[in-house]
Amino acid sequence: MSGSSSSGPKGKSRKGEVQLGSLVGLLEEQDKAMRVLFAKALNLYVSPGADETSDSEKLDRLKKAIEESLG
Amino acid sequence: MIIKELRICNFLVFPGEQVLEFPTEQDTNLIVILAPNNTGKTNVIRALKFLFYGHLPDCSDLTAYRLIYDGARGATRIGAEVSGWVEVRLELDGEELTLRRTVKTRRQSKDQFTTAEVMFTKVLREGKLRLILDSDGIYQAKIRTMVPEQLFDAFYFKGEPLDGKLLGGVGAIRASLASFLHEDRWGEVEEAAEAVRQQYTRDLGRLNARNDEYNELLGEEDLVRNYLLKEQEKLRKAKQDLEEATAQFNDATSRLQELGSGSEAEKLVAQLRDARAKLDAAKRARERADAEIARLVGASRGIPFLLGALPSARRILAQLQEENILPSDVSERFVNRVLSTRCCICGREHDEQTRKAWTQYKEKTLSVDLNRGLSDLLSAVQDDHMNSYARQSQETAKRLKAAMEARGKALEYVAKNEVAGADIEKRLQNSPIEEIRALTQQVRQEANSREQLNGEIARLEDSINLTQKNLRNLKEKLEKARPPGAMAQKEKAIQAARMRAEKLRLLIQQSREVLNRSFHELLQQSVSEYYDRAAYDGSKARINRATLLPAIEANGQVHGNLGGGQSQLLALAYIVSLSRLRKSLHSQMKALGVGFGKVDDQSFFLDSPFNHVSQHYAHAVARFLEGNARQVVLLLARHQWNLVREVLEEARPHILVFEPRTFKEDIPARRARMPCGRRIVNVGTGAPDAMRDTWCLGAGCIRAGKRERCRGSCAGRIRSGSSR
């Protein structure tokens, strides 16, 4: 889609990227360890290939990530 | 995901192997495929759908063999295998990938085939063709991620107007949106964080198995927390509803302010009421005049029309009287005459007895009953008599004239008030009174709703404060009940992890809320940007906050669907905005270290999108298609092309024309023969009669910057219809 900022046909300017500023703001309020944990958790469940990992394994990995985030 | 080439072999209506190549140069995103009806446009979309998901809505496992081209199945000998397939060359994740879905069956008897086998393979053409089965479902998952099945009809819609597809099944679409925006997966993360927290709770329970007080407090804490979560959920919902009600209230209020008080419209309403009352009165007056005229004509017994005959009648009657032919012997005057003479009618002289008899006869009979009709007639024909026909006629004529005048006036009033009423109605139609009324009612309802929600929120906040206080007390008690020594350290570590899991759950929950809110705002903004600008009737796009589904607001009313083309435009604006939003979400999450996977530019295949669309909206949709997606393939019949040609030609689209029965090996030769060869097409079905005339669009000339007729031998028209 035209989400990119590249020029469209005939050099017509396309729509700029939609900014999800409020989500970024919310995450910036968190400490670094929490931000890392958040990314790890989402990567476990949302990223492509997440379905290839079993639920119990994902829970174990999440638990481990939580413990790592505590230092 | 950009489609570069589509190959279809013995599938649906396509015989043999046929290729449809899509130009993917960067100078235009538009590809128009022109073909008459019933030549396979819709089947191109069906073939794509089968390729993507392995099934079609009108086809079960048992009947899947029917997807193979009839001719190929018919030519298969009993016991032999036959197959059909669809193959697509894509640009996906920045790489080129060729995928094929094959349907294969075996002929058992003249009319029977085995249950079809459907295979999804990656295609490699490295010298030799190799098909690699997608056994782990990686490519299938890629396709489903890129285009969730429920949204397929939005991206690749066929036949019916898009609105029916997209704005129809709310539940299915909402579920698809959840998947499209990964909302469902965020929910999974939240649940997983909660599951981990519960594991830690169980760990704490096991660690303190012998500490009854601790375990009791732990259980109590869990109960209170669960109650707190439910109350918080209710509070969130109530706040969301309040926000929605406030937004609606504000929208309605500001629209009301724009429209003014409506006093002008109220005056018009009063005037219309007055004009309608006058019109009714005039109609009643005319009806009364009609009735009076009818009554007068009936009562006249036709006498006015017979006045000319009266002199003759008078003469005849007088003569008859003179000659005593008329039964004048029974008239009073006759008796008077008899009595005034010396002799009776018998010729003898009157005596006392005869006179008495005549007198008695006159007084008793003649004067009262006898011959009254004749007497009346004689009176009536005398002009000077007070009951004469002449006088009666004059009176009737006078009354008729008055009634006719009244009728004429009434008719004038009717006409005058009808014109006045129509004029006021027209002015009223242009005035916003109905919208003002609807908005006023809405403002009232939203105000009530806000009041109730505020009450509910206050109650929930009190309850939550109290519950949180209880929870804090329980936590303090738990801390005091903590085991001593080394176990305390362990307990502390588990508690910290448990708290971290809880914090993660909350963060995911908040992020989902923020995302959902952002989606709504951004989707509303993006769809409005596309739709509102093109809607010449002043209608506006509205995205439902809860369902994220689009609707059209016109005259203060929200419509799920509007004819004439608004819905098509809205649906396109919506799906384009969604794609744009998802792409942004992916790139921004990537910046935060979260890999949602790469999202490519999306392709759109639109089959006959201008059906039942007014010219204005057809143009609006056509303008919208240019530049708002990297690949838009339009499949059009000639009449639809004519509707949007003016707009699309400015976008310099690639124009392909379906040719019937054009097989892969024939394409180079056919292209060479065609005056505008590079645009002439390559795929078609076996319907030569329907395809007898296709047309050359001279797009090469358009590309060169000048619109003129093709200079080739086709003279703007190509005769086609080769057959095999």
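Just so it is clear, the structure is predicted and the values come from calculations on it, not from any experiment. Below, chain A is the first sequence line, B the second, and so on; all start at residue 1.
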B:Val196 side chain near A:Leu59 side chain, heavy-atom distance below 4.5 Å:
yes

Rounding to 0.5 Å, atoms CD (A:Glu68) and CZ (B:Arg500) come to a distance of 12.0 Å

Which region of B:Gln199, side chain (C-beta onward) or backbone (N, CA, C, O), has a non-hydrogen atom less than 4.5 Å from a non-hydrogen atom of chain A, or is it both or neither?
side chain

Determine the minimum heavy-atom distance between B:Gly593 and A:Ala39, stating which atoms define it.
O-CB, 3.8 Å

Check whether any side-chain heavy atom of B:Lys503 lies under 4.5 Å from a side-chain heavy atom of A:Leu37, and answer yes or no.
no

Which value, rounded to the nearest 0.5 Å, describes the distance between B:Ile508 atom CD1 and A:Phe38 atom CZ?
4.5 Å

For the CD atom of B:Glu188 and the OH atom of A:Tyr45, what is their distance to the nearest 0.5 Å?
7.5 Å

Rounded distance [0.5 Å steps], CD in B:Gln588 versus CG in A:Leu27
11.5 Å

Turns out that what part of A:Ile66 lies under 4.5 Å from chain B's heavy atoms comes down to both

Where on A:Gln30 is there a heavy atom nearer than 4.5 Å to chain B: the side chain, the backbone, both, or neither?
side chain

A:Leu42 vs B:Leu592 side-chain heavy atoms within contact, under 4.5 Å
no

Can you tell me if CG on A:Asp55 sees more than 12 non-hydrogen neighbours from other groups inside 6.0 Å?
no

At a 4.5 Å cut-off on heavy atoms, which part of B:Ala501 comes close to chain A: side chain, backbone, both, or neither?
both

Quick one about B:Tyr200 and A:Glu67 (side-chain donor to acceptor, distance below 3.5 Å, no hydrogens or angles considered), yes or no?
yes

Residue pair B:Val189 / A:Ala41: nearest heavy atoms and the distance that separates them
CG1-CB, 3.7 Å

B:Met589 vs A:Leu23 side-chain heavy atoms within contact, under 4.5 Å:
yes

Side-chain heavy-atom pair B:Leu504, A:Leu62 within 4.5 angstrom cut-off:
yes

For A:Ala65, is it the side chain, the backbone, both, or neither that has a heavy atom closer than 4.5 Å to a heavy atom of chain B?
neither

